[in-house]
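Reviewing the structure listed below.
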Amino acid sequence: MKILVIGSGAREHAISARLAVESGVSEVVCAPGNAGIGAVARLVPVDPGDPKALLDLARREAVDLTVVGPELPLSRGVVDRFREAGLAIVGPTQAAAALESSKAFAKAFMARHGVPTAGFALCTSAQQALDEIASGRLGLPLVVKADGLAAGKGVIIAETRAEAEGAVRDVMETRRFGDAGNTVVLEEFMTGQEASYFVLCDGAHAMPLGTAQDHKRIFDDDKGPNTGGMGAFSPSPLITADMDARVLRDIVRPVLAGMAAEGHPFNGFLYVGLMLTPAGPKVVEFNARFGDPEAQVVLPRLDESFAALLAAAAAGTLPERAARFSSEPRVGVVLASKGYPESAESGVPISGLDEAARIPGAEVFHAATAEASDGGIATAGGRVLTVVARGATFAEAIATAYRAVHAIRFDGMQYRTDIGRRAL
Ligand code: AMP
Ligand code: GLY
């Protein structure tokens with residue numbers, strides 16, 4: 001089987017690296033990939049935001065199966081194009097990807113199908129939002145969210161009414177997130193611990209694909225601004241067997257059935273962001289793709305053929321069971337550039353990658369890296385690498401991950417020193 005992987009981050013490196021060593025996979029092609037993915041896949045410089053160019057590529061290369069990593073190609077309808085052309089692909093159609101690309105759609109959908117989530121109001125004008133805030137119906141703190149994609153930055157937790165009003169003006173009048181803020185979602189604030197639950201879907205069947213917890217803030221102890229994710233661990237000790245069954249019954253199955261009933265069967269990776277509240281698990285958000293850095297800690301634990309699962313998902317023949325995993329935990333630490341998340345330095349030489357990869361139990365996935373003119377590897381953006389380690393216990397996995405982190409150096413390198421501590 002020849003497989004095309006779309007994307008260029010550490011998630012796509014983890015997907016490509018895994019597929020490349022599986023029997024039954026003859027070749028992995030990655031568009032556009034990065035310097036690290038180049039070691040496990042053949043890179044082709046095609047824009048992941050251009051569905052037509054991707055379809056041309058898949059045809060030219062006669063790939064048997066395509067898997068989409070990031071959200072952008074999904075929201076541009078790459079899956080619709082491939083399906084129309086009769087090509088096998090894993091991922092949701094543009095309409096189904098609205099579970100991620102429109103928070104307003106996701107909330108209204110959950111309300112229609114009785115999926116537990118925070119109480120909310122959808123507002124299409126600043127006045128409507130200000131009236132809703134004045135009513136006090138949703139209480140304080142109040143969560144203010146831009147409807148559209150805002151790179152994880154479109155969520156404001158307002159402690160006071162004045163802050164909530166300011167956030168609404170910022171999103172709807174100053175248009176801080178552009179068109180993503182045409183509609184605003186106001187939400188009740190939920191309390192509890194957060195965990196991520198992954199499902200591989202084929203439109204009708206849902207296969208649980210592991211759990212994880214991520215670390216969204218830039219600094220230790222969850223301080224500082226939100227990022228795309230500074231580290232993760234898997235599995236989540238919060239998802240006990242009982243909780244797992246509850247999430248499947250109360251959230252995953254109603255979502256799949258609801259999407260199918262509305263004419264948009266969900267195919268691909270469903271990422272369920274959960275808040276484990278005193279009243280039970282509730283949905284914080286959906287993503288229509290695998291998480292990053294979560295994929296880097298979940299996939300290495302998979303104890304069966306990933307390619308076979310992907311092929312079954314594309315064909316609509318996924319078995320009704322959970323994917324099989326090794327019980328060994330994984331911990332992944334993200335190494336980011338100076339200035340991240342506001343800005344990012346590029347072109348800074350990285351050393352110690354080979355040394356880190358030689359540490360038993362450690363592996364390094366590249367995100368924003370590029371080959372330097374001297375043949376070495378340099379930084380090429382905000383999140384540069386994910387260093388992942390396994391261990392018999394979380395403590396061991398954490399120790400090995402940081403031993404590998406300490407082998408790597410680049411100017412301005414920042415990382416959290418507390419990844420995985422919450423699992424102990
Ligand atoms: P989102 O982009 O919707 O996942 O939100 C980003 C983060 O904001 C989440 O991971 C939560 O930590 C927090 N958050 C979002 N919505 C709520 C809510 N209704 N109650 C409490 N925290 C929330
Ligand atoms: N780590 C969060 C995400 O992939 O959206």
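Each ligand, and each atom within it, is numbered from 1 in the order the structure gives.
Using a 4.0 Å cut-off to heavy atoms of G228, the atoms of ligand 2 that qualify are 1 (N), 2 (C). Taking every heavy atom of K216 and a limit of under 4.0 angstrom, the matching atoms of ligand 1 come to 10 (O). Atom numbering of ligand 1 starts at 1 in the shown order; those under 4.0 Å from a heavy atom of M275 are 21 (C), 22 (N). Per-residue contacts place P293 under 4.0 angstrom from the following atoms of ligand 2 (heavy atoms of the residue considered): 1 (N). Numbered from 1 in the order shown, with element, the atoms of ligand 2 that lie under 4.0 Å from a heavy atom of G291 read 4 (O). Set against the non-hydrogen atoms of K145, the atoms of ligand 1 under 4.0 Å away are 3 (O), 15 (C), 16 (N). Using a 4.0 Å cut-off to heavy atoms of K103, the atoms of ligand 1 that qualify are 1 (P), 2 (O), 3 (O). Close approach of ligand 2 to N287 (heavy-atom distance below 4.0 Å) involves ligand atoms 5 (O). The ligand atoms of ligand 1 that sit less than 4.0 angstrom from a heavy atom of E285 are 1 (P), 2 (O), 3 (O), 4 (O). For ligand 2, the atoms sitting less than 4.0 Å from at least one non-hydrogen atom of D214 are 1 (N), 2 (C), numbered in the order shown with element in parentheses. Within ligand 2, the atoms closer than 4.0 Å to a non-hydrogen atom of E294 are 1 (N), 2 (C), 4 (O), numbered from 1 in the order shown. Taking every non-hydrogen atom of F189 and a distance limit under 4.0 Å, the qualifying atoms of ligand 1 come out as 20 (N), 21 (C), 22 (N).
Across all non-hydrogen atoms, the minimal contact from H366 to I377 is CE1-CG2, 4.1 Å.
A salt bridge links R390 with E328: at least one charged nitrogen is closer than 4.0 Å to a carboxylate oxygen. A salt bridge links R176 to D170: one of the charged nitrogens lies within less than 4.0 Å of a carboxylate oxygen.
With a heavy-atom cut-off of 4.0 Å, M190 touches ligand 1 through backbone and side chain alike. Contacts of K216 with ligand 2, taken as heavy-atom pairs under 4.0 Å, are absent altogether. Under 4.0 angstrom from ligand 1, the non-hydrogen atoms of E188 all belong to its backbone.
Not a single heavy atom of A232 sits under 4.0 Å from any atom of ligand 2. Ligand 2 does not have F290 within reach: every non-hydrogen atom of the residue lies 4.0 Å or more from it.
For ligand 1, none of its N or O atoms has an N or O atom of N226 under 3.5 Å away. Residue contacts with ligand 2: G229 is placed with no nitrogen or oxygen under 3.5 Å of a nitrogen or oxygen of the ligand (distance criterion only). Below 3.5 Å of separation, one finds no N or O of E285 facing any N or O of ligand 2.
The nearest non-hydrogen atom to atom 6 (C) of ligand 1, considering only V155, I157, D222, comes from V155.
Shortest contact from atom 5 (O) of ligand 2 to any protein heavy atom: R289 NH2, 2.8 Å.
Note: F233 and F394 meet the aromatic proximity criterion, with ring centroids under 6.0 Å apart.
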Derivation of the salt bridge (charged side-chain N to carboxylate O under 4.0 Å, His left out) call for R217 and D221: CA-CA 8 Å; R217 309 292 196 103; D221 300 320; over 6 Å; no
